[in-house]
Amino acid sequence: MATSSQSSVECSSNEVKDYICNACEDQNTVETSADFYCKQCERFYCGNCIHLHGKLFAKHNSIGRVDIDKWPVSKKVVDFLQTCDVHKEHKIDQFCNLHEQLCCPQCVSDQHSQCSKVTQISELTNSQPTGLEGMSVELETVLGEIKTLQISQKASIQSLQKTYKEHSAVMIEQMCGNLNTYIDECDYSSVGTSGGNEQYLKEEMCRSVLSIVNEFDNITAKELNEMRDEVISIKGSVTSSIHKCTSLHNDLSQFHEIVQKIGDHKQLCLIASIKCKHIIQQALTLLGKSGKAFNVQSNTKHNVRIPSDSDECLITGTCVLPDGQVLVVDWKNDNVKLLNQQYQVVSHWDVNARPFDICLITPSEVAVAVNDHDSKIHEVQFITVNQGKLVPGRKFQLQHECRGIDHHQGVLFVISSEELYKYTLNGKQVCSLYRSFDGKVDRCAVSPTGDRLYISSYLQPKLHTLARDGTLLATYSDTAPAWPRGLHVTPAGQVLVCGGWSHTVQQVGWKGESKLATLDTQEDGVLYPASVCYSSTTSSIIVGLLDDNILVFRVE
């Protein structure tokens, strides 16, 4: 094999750079990218060095970059694949079947000494297929999806900034309109007035103008600041996600290139295959396409009733903050409650109508769907969690019912009893995405990437999956989730749905076509579940019930 080398591995992305010229390397000159490979010398040469090589070895067969697929695997690629990701000074030589992990001797000593089956890589090469050909196709597919996600995320940032500018312009225009209206009224009232009355009108006008300006400063400016903070927080989250996409895209591209060059080196093929599967799984998780079913480990019950509650608690909405605090919507008692990490109520806030659902906007802010058919109150209320207290913020009114809500990168999805709408953060209705013709709909949830929307129909046991534009992609129907109410999508894309009458919590595949598992039943304490959410912080599923309680299921 050629004793070629490549430039050092980048710490940030583990990128193995291109081939470099061996002749330049021998002379300790600046690293130069190789343009040719000599089969007889088993060495790489740049454009300048190949001329001297040609004079000395006229009969040698040099292969240019146009046939780079015929170049051998470089030493740096071999080192990159064989080096342990954790213990850089050791080489991978074993595989733990229990944890499905590549191991070096130090890994086995530290973490896998008690594992039942740790096998030498050399023993696996004949028995375990690598499937690199199919892996190459899968890498190419995932690369395209990651790129599409990056484009979508950048568009979200532009949309966020546009929403804030539009809202600012509307607020300022309203203030100017109020001032102009009052000035016009004063001009009309001042016609025919005497000197004394005119002076009084001027003073009254100054007071009123000052009042309008102060109202803008105290109320409207506060609202603009709230939205500005939301935009900054969401933009930061989206930017972080873009960076993850970029890093994964680089890793996937690197492995896609390596897979093309390994050839028939069995051990390298096997190691590359296992590493590829790992990186592809990371990408699928980022894309919200995790097919992993949860495994319930334990469960606990927690009472969320407070002394001021006049009725039995019915938790129709649950939401988890990144720090592990939980917010629950109590439909019967018209309030929102904040629970600490031990699931104890530490704060609550009473709403002016029935709160139906709740969703996370920023790490410290949520939006609550508030609805009352009789009083015709249909609104979205924003609440901030500040030092263990619930602080109400701005709100906006809707012209239709507001029974379910979810959020994705500055876009609100609001569901009435029959229709799914798309809104901006300032309450501007963008469009209607979907209208149900076969029964009432109740809850909506959006995938981590925003490319799929899920709607539950509570009169019929159905879960609808929509594309970003509202096109119906799939319908899952099962008698088990009868009266499906609670609906949630985890950061990895796992879909959770409650069956209110069947007393179950199910996990459905991200495509929305089939059930992966029934996670919890009445035997586990699930009784008329009305809401569900997942906490990445504690690896727990939180289920809101009808009987003053929530259930917390630890999962892995």
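The model shown is predicted, which means the values in this text are computed figures rather than measured ones.
- Within the 4.5 Å cutoff, no side-chain heavy atoms of Asp520 are placed close to those of Leu551.
- Of the N and O atoms on the side chains of His302 and Thr300, at least one donor lies less than 3.5 Å from an acceptor on the other residue.
- From Ile146, atom CD1 reaches atom CD1 of Ile151 across 12.0 Å, with rounding to the nearest 0.5 Å.
- For the 3.5 Å distance criterion, the side chains of Asp469 and Thr471 qualify, holding a donor opposite an acceptor.
- At a cut-off of 3.5 Å, with distance as the only test, no side-chain donor of Glu556 or Ser539 sits close to an acceptor on the other residue.
- By the 6.0 Å contact criterion, NZ on Lys244 is open, its count of non-hydrogen atoms from other residues, nucleotides or ligands being 12 or less.
- Here the side chain of Lys275 pairs a donor or acceptor atom with the backbone of Leu81 at under 3.5 angstrom.
- Of the residues listed (His53, His51, His60), the one engaging Tyr45 in a ring-ring contact (aromatic ring centres under 6.0 Å, His included) is His53, and it is the only one.
- Defined by atom type and a distance below 3.5 Å, a donor-acceptor pair is present between the side-chain atoms of His112 and Gln101.
- Across Pro105, Cys84, Cys103, Ser122, a single residue satisfies side chain to side chain contact (heavy atoms under 4.5 Å, CB included) together with Asp93, and that is Pro105.
- Between Tyr19 and Trp71, the ring planes are perpendicular. Angles over 60° get that label, and only those under 30° would be called parallel.
- Atom CD1 of Ile232 and atom CD1 of Ile234 lie 11.0 Å apart (nearest 0.5 Å).
- Atom CD in Gln282 sits 12.0 Å away from atom OG in Ser290 (nearest 0.5 Å).
- Annotation: the span from Glu230 atom CD to Ile361 atom CD1 amounts to 6.5 Å, rounded to 0.5 Å.
- Looking at Thr490, its side chain does come within 3.5 Å of a backbone N or O of Ala492 through a donor-acceptor pair.
- Put simply, CD on Gln325 and CD on Gln342 are 10.0 Å apart, with the number rounded to the nearest 0.5 Å.
- Counting only heavy atoms from C-beta outward, the side chains of Val495 and Thr465 never approach each other to under 4.5 Å.
- Contact of the Tyr534 side chain with the Pro491 side chain is registered, since non-hydrogen atoms from C-beta on lie closer than 4.5 Å.
- Residue-environment remark: NZ (Lys91) exceeds the threshold of 12 foreign heavy atoms within 6.0 Å.
- A salt bridge links Glu145 with Lys289: the closest approach of a Lys/Arg side-chain nitrogen to an acidic carboxylate oxygen falls below 4.0 angstrom.
- Residues passing the side chain to side chain donor-acceptor pair (under 3.5 Å) test with Ser156, sequence neighbours excluded: Gln409.
- By the side chain to side chain donor-acceptor pair (under 3.5 Å) test, Asn303 is found to be paired with no residue, residues two or more places apart in sequence or in another chain being considered.
- Proximity of Val411 to Arg468: side-chain heavy atoms (C-beta onward) are nowhere separated by under 4.5 Å.
- Ionic pairing of Arg65 and Asp35 is present here: one or more N-O contacts between side-chain nitrogen and carboxylate oxygen are shorter than 4.0 angstrom.
- Put simply, the side chain of Asp229 does not reach to within 4.5 Å of the side chain of Glu365, judged on heavy atoms.
- Taking the side chain as every heavy atom from C-beta outward, Leu453 and Ile455 never approach each other to under 4.5 Å.
- Thr318 places no side-chain N or O within 3.5 Å of a backbone atom of Ser531 that could act as its donor or acceptor partner.
- Two rings, from His503 and Tyr528, have their centers less than 6.0 Å apart.
- Under the 4.5 Å side-chain criterion, counting only non-hydrogen atoms from C-beta, Glu42 is in contact with Tyr37.
- Counting heavy atoms from C-beta outward, Val555 and Leu519 have side chains that stay 4.5 Å or more apart.
- Taking CD of Gln267 as the reference point, atom CD of Gln120 lies at 9.0 Å (rounded to 0.5 Å).
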